[in-house]
Amino acid sequence: MTPRLDAISIITADLPASLAFYRRLGLAIPAGAESAPHVEVVLPGGQRVLWDTEDVIRSFDPDWERPTGGERLGLAFLCDGPEEVDALYAKLTGAGHTGHLKPWDAVWGQRYAVVLDPDGCGVSLFAPASPAAAPAAPAGSPGEK
């Protein structure tokens, strides 16, 4: 049997804030999930996004400490077009979330922006910069997130 990626896990210091952020990105998070210590959402392709509070992680890993010194994982959301990148960036920053990189036309052919989630993780927003399919992101670029 070959292992397959099934879920992406987000460990959060503030579950309600994290869920609100990802709802604004279109994830169908059930109402009332803020009161649970663990939340799961199944994505259209069958993969899952999981949220756990720091206390849940410490309940089975007492030595766990919040990472410092940079991101360990980057999430990227494909938008329908450059205008949606700009609008979503404005919506998220207008709701009080920190913009990390304002929308720009990247050299690899995408409209690109980065917003920080409530725990400081970079979330990329991107779309092909023109109606023609954008080329693949170059190795090591933010488009590979």
Side-chain angles (χ1 to χ4, degrees), residues 1-106 108-129 133-134 136-145:
M1 181 172 158
T2 302
R4 63 181 171 84
L5 179 63
D6 178 73
I8 297 168
S9 181
I10 298 171
I11 301 169
T12 180
D14 186 340
L15 184 63
S18 186
L19 296 179
F21 176 86
Y22 287 99
R23 277 188 184 113
R24 286 186 179 100
L25 284 166
L27 296 186
I29 300 166
E34 296 78 7
S35 62
H38 173 84
V39 177
E40 295 188 17
V41 171
V42 178
L43 302 175
Q47 289 81 21
R48 298 173 298 143
V49 177
L50 318 173
W51 288 265
D52 288 294
T53 64
E54 293 178 352
D55 290 338
V56 165
I57 301 304
R58 286 190 192 101
S59 75
F60 61 83
D61 184 358
D63 296 327
W64 181 85
E65 294 181 19
R66 182 182 303 162
T68 60
E71 296 178 42
R72 304 302 193 268
L73 173 72
L75 300 177
F77 284 76
L78 173 63
C79 298
D80 287 334
E83 300 80 15
E84 187 178 16
V85 171
D86 294 358
L88 191 50
Y89 181 89
K91 176 182 174 182
L92 292 168
T93 57
H97 300 288
T98 302
H100 181 68
L101 295 172
K102 292 181 181 180
W104 86 97
D105 292 324
W108 56 87
Q110 294 175 334
R111 183 73 172 164
Y112 212 91
V114 179
V115 179
L116 301 182
D117 79 359
D119 292 291
C121 296
V123 176
S124 298
L125 312 173
F126 71 98
S141 73
E144 285 194 330
K145 291 184 181 179

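Hydrogens, waters and symmetry mates play no part in the numbers below; they use all other heavy atoms, side chains included.
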**OP:** Check the pair Asp86, Arg111 against side chain to side chain contact (heavy atoms under 4.5 Å, CB included), reporting the backbone distance first and the verdict last.
**Re:** CA-CA 8 Å; Asp86 294 358; Arg111 183 73 172 164; 2.9 Å; yes
CD1 of Ile11 to SG of Cys121, rounded to nearest 0.5 Å, is 9.5 Å
Note: Leu15 and Thr53 closest approach over all heavy atoms is CB-CG2, 4.1 Å
Smallest heavy-atom separation, Ala13 atom then Arg66 atom, equals CB-NH2, 3.6 Å
When rounded to the nearest 0.5 Å, the distance separating CG of Leu116 from CG of Leu101 is 8.5 Å
query: Step by step, would you call Phe60 with Arg58 a side chain to side chain contact (heavy atoms under 4.5 Å, CB included)?
result: CA-CA 5 Å; Phe60 61 83; Arg58 286 190 192 101; over 6 Å; no
All heavy atoms of Pro82 vs all of Ala127, minimum pair found to be N-CB, 3.9 Å
Minimal heavy-atom distance between Pro16 and Asp14, with the atoms involved, is CD-OD1, 3.2 Å
Looking only at heavy atoms, the pair that brings Gly122 and Val114 closest together is CA-CG1, 3.9 Å
So the ring-ring contact (aromatic ring centres under 6.0 Å, His included) pairs with at least one residue in residues 8-34 (sequence neighbours excluded) are Phe21-His97, Tyr22-Trp51
With Tyr112 as partner, the option from Phe77, Trp104, Tyr89 fulfilling ring pair (Phe, Tyr, Trp, His ring centres under 6.0 Å) is Trp104
Heavy-atom closest pair (Leu88 atom, Cys79 atom, distance to 0.1 Å) is CD2-SG, 4.1 Å
Interatomic distance, NZ@Lys91 vs CZ@Arg24, rounded to 0.5 Å, equals 7.5 Å
The reported gap from OG1 in Thr12 to CD1 in Ile57 (rounded to nearest 0.5 angstrom) is 11.0 Å
Would you say Ser18 and Asp119 make side-chain contact, with heavy atoms under 4.5 Å? yes
Looking at side-chain heavy atoms only, is the closest gap between Ile10 and Leu75 below 4.5 Å? yes
Note to self: Between Pro128 and Leu78, is there a side-chain heavy-atom distance shorter than 4.5 Å?
What the structure shows: yes
For residues 38-46, run the donor-acceptor check on the side chains, cut-off 3.5 Å, and write out each pair with its distance to 0.1 Å, sequence neighbours left out.
unit_1, atom_1, unit_2, atom_2, d
His38, ND1, Asp52, OD1, 2.6
His38, ND1, Asp52, OD2, 3.4
His38, NE2, Glu40, OE2, 2.8
Glu40, OE1, Arg48, NH1, 2.7
Glu40, OE2, Arg48, NH1, 3.4

Does the pair Leu125 and Leu25 meet the rule for a side chain to side chain contact (heavy atoms under 4.5 Å, CB included), with working shown? CA-CA 10 Å; Leu125 312 173; Leu25 284 166; 3.7 Å; yes
